[in-house]
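Chain identifiers are assigned alphabetically (A, B, ...) following the order of the sequence lines, protein sequences preceding nucleic acid strands; residue numbering begins at 1 within each chain.
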Protein chains: 2
Amino acid sequence: MNDFLTEMEFVGLTSRLKRLSDSLLYSTKELYKSEGLDIEPNWNLIFILLQENETMTITEISETLQFSHPAVVKIINKMKKNGHVETRTDTKDKRKQILTLTEKAHKQLPVFEKYWTAGRQTVMDLLADSPNFLEEFLKIEEKVNQSDYKERTLNNLKNDEPSY
Amino acid sequence: MNDFLTEMEFVGLTSRLKRLSDSLLYSTKELYKSEGLDIEPNWNLIFILLQENETMTITEISETLQFSHPAVVKIINKMKKNGHVETRTDTKDKRKQILTLTEKAHKQLPVFEKYWTAGRQTVMDLLADSPNFLEEFLKIEEKVNQSDYKERTLNNLKNDEPSY
DNA sequence: TTTAATTAAGTAACTGGTTACGAAAATGTA
DNA sequence: TACATTTTCGTAACCAGTTACTTAATTAAA
């Protein structure tokens with residue numbers, strides 16, 4: 001491959017993560033587009049959540065997916081426009097929007113699921129030669145969660161300062 | 001952590017990659033901002049390239065980093081505005097823009113390098129308990145490079161079709 | 001030598017995420 | 001009970017990337 005970012009080792013990792021993440025994202029979009037499916041990447045997560053839980057609010061979804069709530073608002077607006085999700089205001093707490101899957105969504109789910117299954121298979125294939133990947137990736141996530149890049153780097157700066 | 005995306009295993013991987021990548025990106029931005037450095041994530045890669053090669057063109061950089069060329073144009077424009085990069089038109093081929101680091105950039109490099117070193121240390125720390133990560137990540141990159149998500153998933157769809 | 005094809009860079013419009021801010025509703029407290 | 005605080009959602013502006021398109025310059029070919 002002769003990849004400059006790979007040569008950079010630790011320096012290039014952030015960009016490589018973004019590159020892979022973007023590549024998967026765009027490729028998924030293209031897949032759905034080329035197959036004429038009117039869904040987008042990530043929607044599967046919300047479909048799954050709303051199937052499992054029947055009804056959820058914006059905040060609940062954003063907490064579950066660890067997305068910011070405006071991100072969820074945007075996704076849900078698109079899904080509403082496509083007729084896959086309906087909202088109604090909670091009568092007990094009028095701040096809350098109750099989200100549910102529409103009849104159309106339920107009808108299309110079996111088709112979507114074919115694609116999600118194939119996609120899951122793809123991820124399994126990609127990981128086939130990397131048996132420790134998921135486990136080690138989780139460790140990194142946990143570390144970042146515990147103390148983020150900024151904090152760690154500031155710490156390293158302090159500690160590496162020459163002590164006159 | 002009790003992370004829905006982690007529970008989803010293969011389904012959630014794409015989102016987790018994006019989440020980690022974004023987290024590193026935003027954290028790096030915050031770091032630079034809080035420390036009053038007028039640089040941004042990724043610029044280090046271009047600084048390194050221009051240090052090594054003295055002069056480069058937009059296209060050369062975009063090929064080396066495997067970014068789209070408009071992405072590089074945007075980054076370079078910002079770096080020009082900040083006075084870190086200068087451009088001049090190639091006299092032999094007037095389509096090309098020759099990029100070089102400015103005097104200001106060279107002067108500030110030692111300061112920047114302190115931060116980049118600390119950042120590299122952070123990545124090393126994050127990877128400390130994941131000894132196979134880089135190696136296995138590379139394998140995934142190579143696989144995606146060889147046949148992307150869309151192609152693989154379409155293939156899986158074909159193969160998994162029931163054969164009546 | 002003229003014309004067609006290719007290459008380099010720039011611009012526009014879009015994407016999926018973010019933070020910051022604001023309004024309305026619910027909750028806690030003096 | 002009134003007022004302050006918190007929560008929920010929505011909107012705006014931003015960010016770092018993308019694709020699609022355009023223009024200008026170079027190169028290849030008739």
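- The interatomic distance linking Met79(B) (CE) with dA16(D) (C1') rounds to 15 Å, in whole Å.
- Note on residues 4-36 of chain B: no pairs pass ring-ring contact (aromatic ring centres under 6.0 Å, His included), not counting sequence neighbours.
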Worksheet, complete the sentence: Protein-proximity profile, nucleotides 6-13 of chain C, B/S/- by nucleotide at the 4.0 Å heavy-atom cutoff, equals -BSBBB-B
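- The interatomic distance linking Lys150(A) (NZ) with dT19(C) (C1') rounds to 14 Å, in whole Å.
- At least one side-chain nitrogen or oxygen of Lys78(A) sits closer than 4.0 Å to the OP1 or OP2 atom of dG16(C).
- Of the residues in residues 33-53 of chain A, none has a non-hydrogen atom less than 4.0 angstrom from any atom of DNA chain D.
- For the pair Ser68(B) and dT18(D), the criterion of a side-chain N or O lying under 4.0 Å from OP1 or OP2 is met.
- Every residue meeting the ring-ring contact (aromatic ring centres under 6.0 Å, His included) condition with Trp116(A), not counting sequence neighbours, appears here in chain and number order: Phe47(A), Phe112(A).
- Qualifying salt bridge (charged side-chain N to carboxylate O under 4.0 Å, His left out) partners for Arg95(B), counting only residues two or more places apart in sequence or in other chains: Asp93(B).
- By the side-chain hydrogen bond (donor to acceptor under 3.5 Å, both in side chains) test, Glu135(A) is found to be paired with no residue, residues two or more places apart in sequence or in another chain being considered.
- When the side-chain hydrogen bond (donor to acceptor under 3.5 Å, both in side chains) test is applied to Lys74(A), no partner is found at least two apart in sequence or on another chain.
- Here the P atom of nucleotide dT27(C) and the NZ atom of Lys94(A) are 12 Å apart, to the nearest Å.
- Annotation for Lys33(A): atom NZ does not count as buried by contact number, only 12 or fewer foreign heavy atoms lying within 6.0 Å.
- Take the nearest nucleotide of DNA chain C for Glu30(B) and for Lys18(B): the residue whose nucleotide is more 5' is Lys18(B).
- Rounded to whole angstrom, the span from the CD atom of Gln66(A) across to the C1' atom of dT18(C) amounts to 15 Å.
- The distance from atom CG of Leu25(B) to atom P of dC14(D) is 17 Å, rounded to the nearest whole Å.
- Between Arg88(A) atom CZ and dC9(D) atom P the separation is 13 Å, expressed in whole Å.
- By the side-chain hydrogen bond (donor to acceptor under 3.5 Å, both in side chains) test, Asn53(A) is found to be paired with no residue, residues two or more places apart in sequence or in another chain being considered.
- Annotation for Gln51(B): atom CD counts as buried by contact number, over 12 foreign heavy atoms lying within 6.0 Å.
- When the side-chain hydrogen bond (donor to acceptor under 3.5 Å, both in side chains) test is applied to Thr102(A), no partner is found at least two apart in sequence or on another chain.
- Taking atom CG on Leu24(A) and atom C1' on dT18(D), their separation rounds to 15 Å, with Å as the unit.
- The CZ atom of Phe67(B) sits 17 Å away from the P atom of dC15(D) (whole-angstrom rounding).
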